[in-house]
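Naming: A, B, ... by sequence-line order, numbering from 1 per chain.
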Protein chains: 2
Amino acid sequence: MEKQTTIKDIAIALRLSTSTVSRALRDAHDIKQDTKKAVKELAEKLDYQPNKLALSLLNRQTHTIGVIIPNLDYVLSTMVKGIDEVALEAGYTVMVCQSDESFGREIVNTKRLLDSLVDGFIVSVSSETKVFEHIRKIQQKKIPLVLFDRVVNNIDCPKVRLDNVAGGIQATQHLVDQGYKKIAILAGPENLNISNKRMEGYLQTLKLNGLKVDNRFIIHCDFNQQYAYEATKELLAMRNPPDAIFTISDRMAIGAMLAIKEKGLSMPGDIGLVGFNNEPVTSLVSPSISSVEMYSFEMGKATAKLFIEMLHSEDAMQPAEIVIKPKIFVRESSLRIPLKKTKS
Amino acid sequence: MEKQTTIKDIAIALRLSTSTVSRALRDAHDIKQDTKKAVKELAEKLDYQPNKLALSLLNRQTHTIGVIIPNLDYVLSTMVKGIDEVALEAGYTVMVCQSDESFGREIVNTKRLLDSLVDGFIVSVSSETKVFEHIRKIQQKKIPLVLFDRVVNNIDCPKVRLDNVAGGIQATQHLVDQGYKKIAILAGPENLNISNKRMEGYLQTLKLNGLKVDNRFIIHCDFNQQYAYEATKELLAMRNPPDAIFTISDRMAIGAMLAIKEKGLSMPGDIGLVGFNNEPVTSLVSPSISSVEMYSFEMGKATAKLFIEMLHSEDAMQPAEIVIKPKIFVRESSLRIPLKKTKS
DNA sequence: GAAATTACCGGCACCGTTCCCGGTACGGTT
DNA sequence: AACCGTACCGGGAACGGTGCCGGTAATTTC
């Protein structure tokens, strides 16, 4: 690593003081045109770059955002892309840490970013996380914090999230409209907010349509294709099995689909299937899978925007909450009755 | 943002000098047991965290790695995951910047990370990048650099890459073994090394098996499902169309598959298809698509390991090159003659 | 022609930490 | 009593940059 040219080098070369050089470079007051020009020319020639560390030390800000996410799957990659784009635009660099759905690593990541002195945090908690002391610690230090996607109820801060209840409603209502009557749900881990909200929508819709809630049809499993596959096998092996399945993610929908095919059942005939996230894969498999779009990219951008606003408004902001509206994309896996609207 | 407790605070509270406190905290020489204990206890109580910026300014290192990648697709996310894991272990934090396959943004990202004073770079160039001055600039400043995945030939530095020629050979030879004789290739942009190398393997294999190379069957298009779809339609519309297609990525394979299906042709009967990357989607579609696995996660880990080694060995290392061996996973889209080995 | 104003530059402190060196107090040696 | 060694601590500089204040010379003002 070569030594960078500093303001001092320029000062010595031009027989000036460092303060004068500094002023010249920043077009500040108290500076003669000639000297300013000379300084700028030499700076250009020596490829001078101001040392960010020195500035950060002085100004107590690093222009860096710490992003903590549980993994880098399709949805979160897309969100990170959105965050990145907005952050870059605003002059911030992003540090992404994956907790890999592990509570322990989430804490380690928080510590790391905390003493990297990031200007703030954008966090989506892991599915393992049930205690939030590490998040509270961020708040205690008065460091800006925005939660997104997997938000937590009892933490008071700006949030960006999907209207998950609406998503659950859309998926379930669609299945009801298609004539399915025994609708099962493959939900995520029990403490996961997004999962519970989607389930809430599911339950609401069943009740609204006068359908009985069958507890055997509510299954909690990991966000994982394999688990979903096995859970579906169990569902289908029941005495009075469901005629439709709503899964909380597309990966789970794929797992369910494999189990359904293995059993020799048809979609949408024997079983209806709706997933969540609207990943590209849903339109590639056969039958294509209906899924709820959650506009990840926009959500990422909205999160970063909210965060930047917060940072610039300096002091206490009333905790805003941005709620993105989901939208179901109907495909073959659940379409028994032709729709009026064009399908995607 | 609250003021952090500094070494000075402790010094004042204990009526000591900052140097003494510093020594106490680092278990250094010249320190009485009692004072050391007192300092450490107070530090604990005040939740003292050493200021990394000050340290970085002093030691001229930030313990940060700049990673530049063209996007966050399946392959690269997986690689980043590998890099992240190893880096974290070694005490480094990763700054990921996506160029979004844009040359301009790649340069911007380089600049940004450069004046963020990262300790080194791990780079995979965008498909647009044909000029490498920005990379050279990194080298001129004697900043450690490792290229991975999309490496560049005429840059002299450690590299981690796939044996792309071998990948092309495996894919093509497999198609030949299955009795296909008119094999087309959907390659990437012309200047992209990985694409050319895979094509080299393709050409070699054709020659080795005494098959004629038909230039109409060599198509360059973007790494993109839509382009691949259209290119395939053109291929199939030819007077003497190919009987097999080798695509340089799985996304392209999907595009090709859609065109093949649309034309009413069957796989593997009428047309054989082999993709690249071995993304999960290949085994989810019907027919499942044969694909060449490139061990992205391992590649990411290997890259980070090489990088860390380089960083620790301090001075000039002979540019190592780690070459990962690919492996084809045969599936329905190209399997006409049963294999001896078990398929995946 | 003395005073006030202006234009321009340098010195110093500071951000938080470490390193090098010098100093003091105390005990033991001769 | 003079000397040496050891144990412990503090002062100052440095990393790279900025802000404040003070100073000097030239120019303007009455």
Nucleotide of dT17(C), dC9(D), dG17(D) approaching T6(B) most closely (side-chain heavy atoms): dT17(C)

Nearest-Å distance for atom pair CD1/P, residues I7(A) and dC15(D): 14 Å

Polar side chain donor-acceptor pair, D119(B) to T62(B), under 3.5 angstrom: yes

Sugar-phosphate only, base, or nothing, as touched by L16(A) at under 4.0 Å among non-hydrogen atoms: sugar-phosphate

Distance test, side-chain N/O of R26(B) to OP1/OP2 of dT18(C), below 4.0 Å: yes

Distance below 4.0 Å between R15(B) side-chain N/O and dG10(D) OP1 or OP2: no

Spacing of I31(A) atom CD1 relative to dC20(D) atom C1', expressed in whole Å: 16 Å

d(CG, D115(A); C1', dG16(C)) in whole Å: 14 Å

Between dG16(D) (C1') and I10(A) (CD1): distance, integer Å: 12 Å

First of H29(B) and A54(B) reached from the 5' end of DNA chain C, by closest nucleotide: A54(B)

Sugar-phosphate only, base, or nothing, as touched by S56(B) at under 4.0 Å among non-hydrogen atoms: nothing

D30(B) side-chain proximity, nearest of dG17(D), dC8(D), dT17(C): dC8(D)

CD/E89(B): more than 12 non-hydrogen atoms of other groups inside 6.0 Å: no

Nucleotide of dG16(C), dC9(C), dT18(C) approaching N51(B) most closely (side-chain heavy atoms): dG16(C)

Trace of the ring-ring contact (aromatic ring centres under 6.0 Å, His included) decision for H134(A) with F103(A): CA-CA 10 Å; H134(A) 55 306; F103(A) 177 57; 5.7 Å; yes

F148(B) side, atom CZ; L162(B) side, atom CG - distance, nearest 0.5 Å: 13.0 Å

Candidate nucleotides dC15(D), dG10(D), dC14(C), ranked by approach to the side chain of R60(B) - the nearest: dC15(D)

Electrostatic pair E101(B):R150(B) at N-O distance under 4.0 angstrom: yes

Sugar-phosphate, base or nothing in reach of L58(B), heavy atoms under 4.0 Å: base

Atom pair distance, as rounded to whole Å: CD1 in I12(A) and P in dG11(C): 12 Å

Atom-pair distance (CD on Q49(A); P on dG17(D)), nearest Å: 10 Å

base_contact_polar (dG17(D) base, R23(A) side chain, donor-acceptor, <3.5 Å): no

Minimum-distance nucleotide (side-chain atoms of K32(A) versus dG16(C), dC8(C), dC15(D)): dC8(C)

Below 4.0 Å: OP1/OP2 of dG11(D) and any side-chain N or O of S17(B): no

Salt bridge present between D73(A) and K81(B) (N-O < 4.0 angstrom): no

Any S19(A) side-chain nitrogen or oxygen under 4.0 Å from OP1 or OP2 of dG10(C): no

Rounded distance (Å) that lies between atom C1' of dG16(D) and atom CG of N59(B): 14 Å

Whole-Å distance separating the CD atom of Q4(B) from the C1' atom of dG16(C): 11 Å

Phosphate-side-chain proximity, T18(A) and dG17(D), N/O vs OP1/OP2 below 4.0 Å: no

5' priority, DNA chain D, between V21(B) and V21(A) [closest heavy atom]: V21(B)

